[in-house]
Amino acid sequence: MPVVHQQLDALATQQYVWQGQAWPGQNFEWWIEDPQHEGEHAGEEPENTWNTTLRLTLPRLGGVEARLHLTPAGVALRLVADDRATLQTLDGGAAALASALEAANLKLTGLVIEPRAVAPNREVASDA
């Protein structure tokens, strides 16, 4: 019965979430959203788009999140990382990424590489 409820929720929201292991010991979370149904309600012609987010922690890069917005024009990427060195690594590979996507006949329409937003610091009580 819980699986049936999850399937019904996915159909109603057009959002699919998969949590599992990419390989042994490597957990990840993957969201897929189909925003096409939103335009149908407003009387607009639905655009063929998809949004997806992949979040995982890699051994050498640490926490990384990739948000993709796929349209007929191409793909826009937002890469979010926990570590400053990882941001530099991702930024250094931007041209190679654009070339690889172009070779796969997929245009990179936008790329943003940014640090993960940090929660505001809370005051720590001291015993002094």
Side-chain angles (χ1 to χ4, degrees):
M1 197 59 151
V3 172
V4 172
H5 285 289
Q6 289 174 346
Q7 291 172 340
L8 291 173
D9 286 343
L11 289 172
T13 64
Q14 297 295 307
Q15 293 182 355
Y16 307 93
V17 179
W18 183 26
Q19 297 175 346
Q21 289 191 344
W23 55 84
Q26 178 57 63
N27 294 329
F28 74 99
E29 299 173 39
W30 183 18
W31 293 266
I32 301 171
E33 178 184 1
D34 178 7
Q36 295 180 41
H37 71 283
E38 294 174 8
E40 294 170 359
H41 297 298
E44 302 169 2
E45 186 68 28
E47 186 179 357
N48 191 18
T49 67
W50 283 91
N51 295 322
T52 187
T53 302
L54 177 66
R55 184 182 301 154
L56 66 158
T57 302
L58 298 168
R60 291 186 8 204
L61 296 177
V64 176
E65 180 177 302
R67 301 176 194 161
L68 288 80
H69 179 69
L70 185 63
T71 68
V75 63
L77 293 168
R78 179 175 300 270
L79 302 175
V80 180
D82 292 341
D83 185 72
R84 292 266 178 214
T86 299
L87 292 170
Q88 292 174 345
T89 300
L90 294 173
D91 191 49
L97 174 63
S99 294
L101 290 170
E102 193 72 34
N105 203 26
L106 188 60
K107 183 178 179 182
L108 183 62
T109 59
L111 176 61
V112 175
I113 300 171
E114 62 187 3
R116 183 171 314 284
V118 179
N121 290 336
R122 295 182 181 173
E123 291 186 28
V124 177
S126 124
D127 289 294

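The analysis underlying the following values was restricted to heavy atoms, covering all of them including side chains, and did not include hydrogens, waters or symmetry mates.
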Q.
Evaluate R67 against N51 for side-chain contact (heavy atoms from CB on, under 4.5 Å), listing each step before the verdict.
A. CA-CA 7 Å; R67 301 176 194 161; N51 295 322; over 6 Å; no
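Nearest heavy atom pair, residue K107 against residue A73, reads CB-O, 3.7 Å. Nearest heavy atom pair, residue T86 against residue A81, reads CG2-CB, 3.7 Å.
Using modelled atom types, no side-chain atom of T49 and backbone atom of L70 make a donor-acceptor pair closer than 3.5 Å. For the pair E114 (side chain) and L79 (backbone), a donor-acceptor distance under 3.5 Å is absent.
One distance of note links CD of E65 with CG of D82; it measures 9.0 Å at 0.5 Å rounding. Note that CD of E29 and OG1 of T57 are 9.0 Å apart. Values are rounded to the nearest 0.5 Å. Taking CG of L68 as the start and CZ of R78 as the end, the distance is 12.0 Å to the nearest 0.5 Å. Atoms CG and CG, on L90 and D83 in that order, are 10.0 Å from each other to the nearest 0.5 Å. The line from CG of L56 to CD of Q21 is 12.0 Å long, rounded to the nearest 0.5 Å.
With contacts defined as side-chain heavy-atom distances shorter than 4.5 Å, the pair L77/L97 qualifies. Two residues are said to be in side-chain contact when any heavy atoms from C-beta on lie closer than 4.5 Å; W31 and R55 meet this criterion. N27 has its side chain out of reach of Q19: every pair of non-hydrogen atoms, C-beta onward, lies at least 4.5 Å apart. L108 places none of its side-chain heavy atoms less than 4.5 Å from the side chain of E102.
Under a hydrophobic-cluster definition in which Ile, Leu, Val, Met, Phe, Trp and Tyr are linked whenever side-chain heavy atoms come within less than 4.5 Å, directly or via other members, V112 and V64 are assigned to different clusters. When hydrophobic clusters are built by joining Ile, Leu, Val, Met, Phe, Trp and Tyr residues whose side-chain heavy atoms come closer than 4.5 Å, directly or via intermediates, V80 is not grouped with L111.
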